[in-house]
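In what follows, every chain begins at residue 1, and chains take the letters A, B, ... in the order their sequences are listed.
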There are 2 protein chains.
Amino acid sequence: MTQPDMPTPPWERTRRRAAPSRVPLTRGRIVDAAFVVLDREGFDRLSMRRVAAELGVAVSALYAHVDNKDELFELMYERLFDGFDLPEPDPERWQEQVKGFARESRARLLAHRDMARISMGQMPFGPELLPYVEKMLALLRVGGLPDHVAAIAGDLLSTYVDGFVAEEGAWKERSQGEGVRSWDEMRDEIKEYFASLPPDRFPNMVAIADLMVDESNDYRFELGLDIIVRGLASYVEPRPGES
Amino acid sequence: MTQPDMPTPPWERTRRRAAPSRVPLTRGRIVDAAFVVLDREGFDRLSMRRVAAELGVAVSALYAHVDNKDELFELMYERLFDGFDLPEPDPERWQEQVKGFARESRARLLAHRDMARISMGQMPFGPELLPYVEKMLALLRVGGLPDHVAAIAGDLLSTYVDGFVAEEGAWKERSQGEGVRSWDEMRDEIKEYFASLPPDRFPNMVAIADLMVDESNDYRFELGLDIIVRGLASYVEPRPGES
DNA sequence: GGGGTTTGAGAACAGTGTTCATCTGAGTGG
DNA sequence: CCACTCAGATGAACACTGTTCTCAAACCCC
C-alpha cells in the first residue's frame, strides 16, 4: 500500500497510542522488509526467516499478520501498483497510452530485483487492483477494440511485460552469478558463441547473431510492445457514426 | 530425449550388457520418473527425493547423473521438444506455420501438469535445441520479416505460449485445490463475482464479464496468437523483386 | 579370480514454510 | 497503585527441501 519511504498512513498505525516504545509489527512494515531482503538477496533467498531477521523479530511473529508466504507475495504485488495512475482514456491516443502502461509496468518491475518472478505468479483480481483492470479495459474499448479482444488484451500485455522483465532479470543474475564478468562481457561471449556456429547448419542464427544480442533491452522491449499493439490495432473497428 | 513410453535408444543403454540384473540408472530413466512425479504430484511437490523414491533408489544416486535440480529441469525441457518437427519454411504460409508451432508447443506443455512452470525458466540455447531456434528463424525470415523483428519474434512467441499455459494451469490447479468444485463451477463463480461489481465504478468489467471468462481456453489462446501474428505481419517487407 | 573403477546407500548439513504452547508487557478496571 | 487481561511476540518443534559426504557393494577388464 505505501511506498518504502512514505509515511505509514493513519489506519496502519495502532489505534490509540501515536508512538508506542516498540514499533508494532504491521503488514506494511513486513512488506517493506520483504522488499529490502528481496533487493539485497534476490528471490531465491527471500525467506520468511530472513524477512523476520530484517525486522529483528521472530519468524512466527510474521504469521500473525500474514497468512503465508503466498499472501506476502500478493501484498508485494499490490505494492507494485500504488501511485500507478492510468491516464484518462483518449480514443485518439490509445496506442500510446497502452504503451505507456506497459513501460511504467516494466519500470516498476525493474525497480526491485527479481520482482517479475513474483509478479508472474499473481493475477490482478484482488479488490485493490480491480480499478486498474477496469481502467485498462476502458482504455482498450474506447480505442475501438472489439469486446472479445479487449477481454484478453490486458492479460496479453501483462504476460508480455512480466515475461520480458523476468528474462531480462535472469540474464542479469546469471551474468553476475558465475564469474566476475559483467553483463557486457557476457553478451559478447554469447554473440561469439552464436557467430561461431557452423554456418551451413545454422545460417540464420549466424546471420543475425548481432541483432539477437546487441540491441539494448529497452529497444527489444519497445519492439515487442509495438508488435503487440499493432496486432491489437488491426482489430479496431471503425466507431459507429465515424467517417 | 525419449518420450515416456518409447524404447530407450541404443546409446542410452549400457554399453556391453543388454540386460544387467539391476537396470542401471540413466539420465533418461530419471527424466521419465520426474515426469511421472510431476504429473501425479504437481510442480510444487516435485522433489529430488520423490523422483528417487519413484525409481526405488537413494536420493544421492540421482546426483551421479544429474548435476542438480536445475539440470533436471533442463533435461525435462529438452524432452519437450523431441519429435517436434518444424515444417519446411513456406513463404506463402509462414503465418499458419508460426501458429502451428505455437499450437504444438501448447499441446506439448499441456501434456504434463505444470510443465509450463518448468518451461518458463528455461531458454532454448542448449545444443540440442538450437536447430529448432534456427528453423524458427528461417521461417520468420522467409516470411519477409525484417531481421531485427525476426530476432525477437521467437522469444515473443514462446513467452506468450509459456505464459498462457502457465496461467491456464494455475486456474486449473486452483479450482481443484480448494473445495471439490470443478473448473466450470469455479468459472461461474468468477463470472458472478465480476458481474456483481458496482456497475458505476466498474462499467467495463461488468459489461464484458462474460467474455473474460466464458470463452474456452482454446479460443482465447487462438485469439492472442492471432494478435501477435498480425503484429508480426505488419512488419513484413515486400520481398525484393516482387510486384 | 583379483584390482580398479563405477554407482548406489545412508547419514548428515544447512536451510525451508508453518504451527504450537508458552510467555510478556502494555493498557485497563477497580 | 495494584491486579488482571489479552493481543502479540517468542522459541522450539515438525516435516520437509537441495546437496554433499563417506563408505560399501557391484560391475568390468585384464
From C-beta outward on [X], which listed nucleotide comes closest to its side chain: [options]?
X: A/V57; options: D/dT10, D/dT19, C/dG10; result: D/dT10
X: B/R49; options: C/dA12, D/dA13, C/dG8; result: C/dA12
X: A/S60; options: C/dC20, D/dT20, D/dA9; result: C/dC20
X: A/A58; options: C/dT16, C/dT18, D/dG11; result: D/dG11

Between [X] ([atom1]) and [N] ([atom2]), how many Å, whole number?
X: B/D44; N: C/dT18; atom1: CG; atom2: P; answer: 11 Å
X: B/L25; N: C/dT6; atom1: CG; atom2: C1'; answer: 13 Å
X: B/L55; N: C/dG8; atom1: CG; atom2: C1'; answer: 12 Å
X: B/L46; N: C/dT16; atom1: CG; atom2: P; answer: 20 Å
X: B/Y63; N: C/dG10; atom1: OH; atom2: C1'; answer: 15 Å
X: A/E71; N: C/dT18; atom1: CD; atom2: C1'; answer: 14 Å
X: A/R45; N: C/dT16; atom1: CZ; atom2: P; answer: 8 Å

Which comes earlier along DNA chain D counting from the 5' end, the contact point of A/H65 or that of B/D70, where each point is its nearest nucleotide?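 The answer here is A/H65.
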Check whether NZ of the Lys or CZ of the Arg B/R106 lies under 6.0 Å from the centre of the six-membered ring of B/F164 and within 45 degrees of that ring's axis.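 No.
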Minimum heavy-atom separation for B/R27 and B/H65, please, with both atom names.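 B/R27 and B/H65 have their closest heavy atoms at NE-O, 3.3 Å.
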Which heavy-atom pair separates B/G28 from B/R79 by the least distance, and what is that distance?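 Here B/G28 and B/R79 meet closest at O-NH2, 3.6 Å.
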Phosphate-side-chain proximity, A/R50 and C/dT16, N/O vs OP1/OP2 below 4.0 Å: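 Yes, such a contact exists.
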Name the orientation class of the two ring planes belonging to B/F81 and B/Y132 (parallel below 30°, tilted from 30 to 60°, perpendicular beyond 60°).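 Tilted.
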